[in-house]
Amino acid sequence: MKKVEAIIKPFKLDEVKEALSGIGIQGLTVTEVKGFGRQKGHTELYRGAEYVVDFLPKVKLEVIVPDELVAQVVSTVEASARTGRIGDGKIFVLPVEEVVRIRTGERGPNAI
């Protein structure tokens with residue numbers, strides 16, 4: 001099993017969620033986060049005063065999938081989250097040692 005984490009632009013969330021649903025992904029976790037990469041933030045004007053926005057709003061998606069679905073999930077997120085502009089985000093794939101469904105006590109792939 002693997003955990004696929006994706007940091008994407010907030011307005012792409014619905015598109016990514018629908019694309020993942022289309023390939024059979026039933027559950028995911030979404031967190032509103034802030035951060036920066038190569039964008040390094042930007043300068044905004046508010047009531048005549050300039051200020052620097054260091055951390056930009058992003059959305060973090062987390063989904064646990066069997067090993068055989070990892071490539072499909074990654075390519076689906078990549079295709080549906082891409083705008084072609086700086087700040088589209090990143091995808092991380094991490095190993096998952098154990099999953100336990102609290103309600104039933106199921107473990108491993110059955111708990112996904």
Note to self: I'd like to know whether Glu5 forms a side chain to side chain contact (heavy atoms under 4.5 Å, CB included) with Leu94, so could you lay out the CA-CA distance, the side-chain angles of the two residues, the decisive distance to 0.1 Å, and finally the verdict.
What the structure shows: CA-CA 8 Å; Glu5 290 184 0; Leu94 307 146; 3.7 Å; yes

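- For the side-chain contact (heavy atoms from CB on, under 4.5 Å) test, residues two or more places apart in sequence or in another chain that qualify with Arg101 are Arg103, Thr104, Glu106, Ala111.
- Hydrophobic cluster membership is shared by Leu20 and Val70, with clusters built from Ile, Leu, Val, Met, Phe, Trp and Tyr side chains linked at under 4.5 angstrom.
- Counted within 6.0 Å of CD on Gln26, heavy atoms from surrounding residues, nucleotides or ligands total 12 or fewer; the atom is thus considered open.
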Note to self: With side chain to side chain contact (heavy atoms under 4.5 Å, CB included) as the criterion, how do Ile8 and Asp88 come out once you've worked through the C-alpha distance, each side chain's angles and the decisive distance to 0.1 Å?
What the structure shows: CA-CA 6 Å; Ile8 64 171; Asp88 275 351; over 6 Å; no

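- Val73 and Val30 fall within the same hydrophobic cluster, where Ile, Leu, Val, Met, Phe, Trp and Tyr residues are linked whenever their side-chain heavy atoms come under 4.5 Å apart, directly or through other members.
- We find the CG-CG distance between Leu61 and Leu13 to be 6.0 Å, quoted to the nearest 0.5 Å.
- Side-chain atoms of Lys58 come within 3.5 Å of backbone atoms of Gly87 as a donor-acceptor pair (strictly under, hydrogens ignored).
- Taking 4.5 Å as the limit, some side-chain heavy atom of Val4 sits within range of a side-chain heavy atom of Val65.
- Across Glu78 and Ile91, no two heavy atoms sit closer than the pair N-CD1, 3.8 Å.
- Separating the CG atom in Leu56 from the CD1 atom in Ile7 is a distance of 12.5 Å, to the nearest 0.5 Å.
- Of all the heavy atoms in Ala6 and Val77, the pair that sits closest is CB-CG1, 3.8 Å.
- Using a 4.5 Å heavy-atom cutoff, the side chains of Val59 and Val33 are not in contact.
- At a threshold of 4.5 Å between non-hydrogen side-chain atoms, the residues Met1 and Pro109 count as touching.
- Scored by the side-chain contact (heavy atoms from CB on, under 4.5 Å) test, Arg85 finds Lys9, Phe11, Thr83 as partners (sequence neighbours excluded).
- Few gaps surround NZ on Lys2; more than 12 heavy atoms of other groups in view lie less than 6.0 Å from it.
- Within the structure, side-chain hydrogen bond (donor to acceptor under 3.5 Å, both in side chains) pairs that include any residue of residues 60-77 comprise Lys3-Glu62 (at least two apart or interchain).
- Under the 4.5 Å side-chain heavy-atom criterion for Ile, Leu, Val, Met, Phe, Trp and Tyr, Leu69 and Val16 are members of the same hydrophobic cluster.
- Taking the side chain as every heavy atom from C-beta outward, Val63 and Thr29 never approach each other to under 4.5 Å.
- Rounding to the nearest 0.5 Å places OG of Ser80 at 9.5 Å from CD of Glu18.
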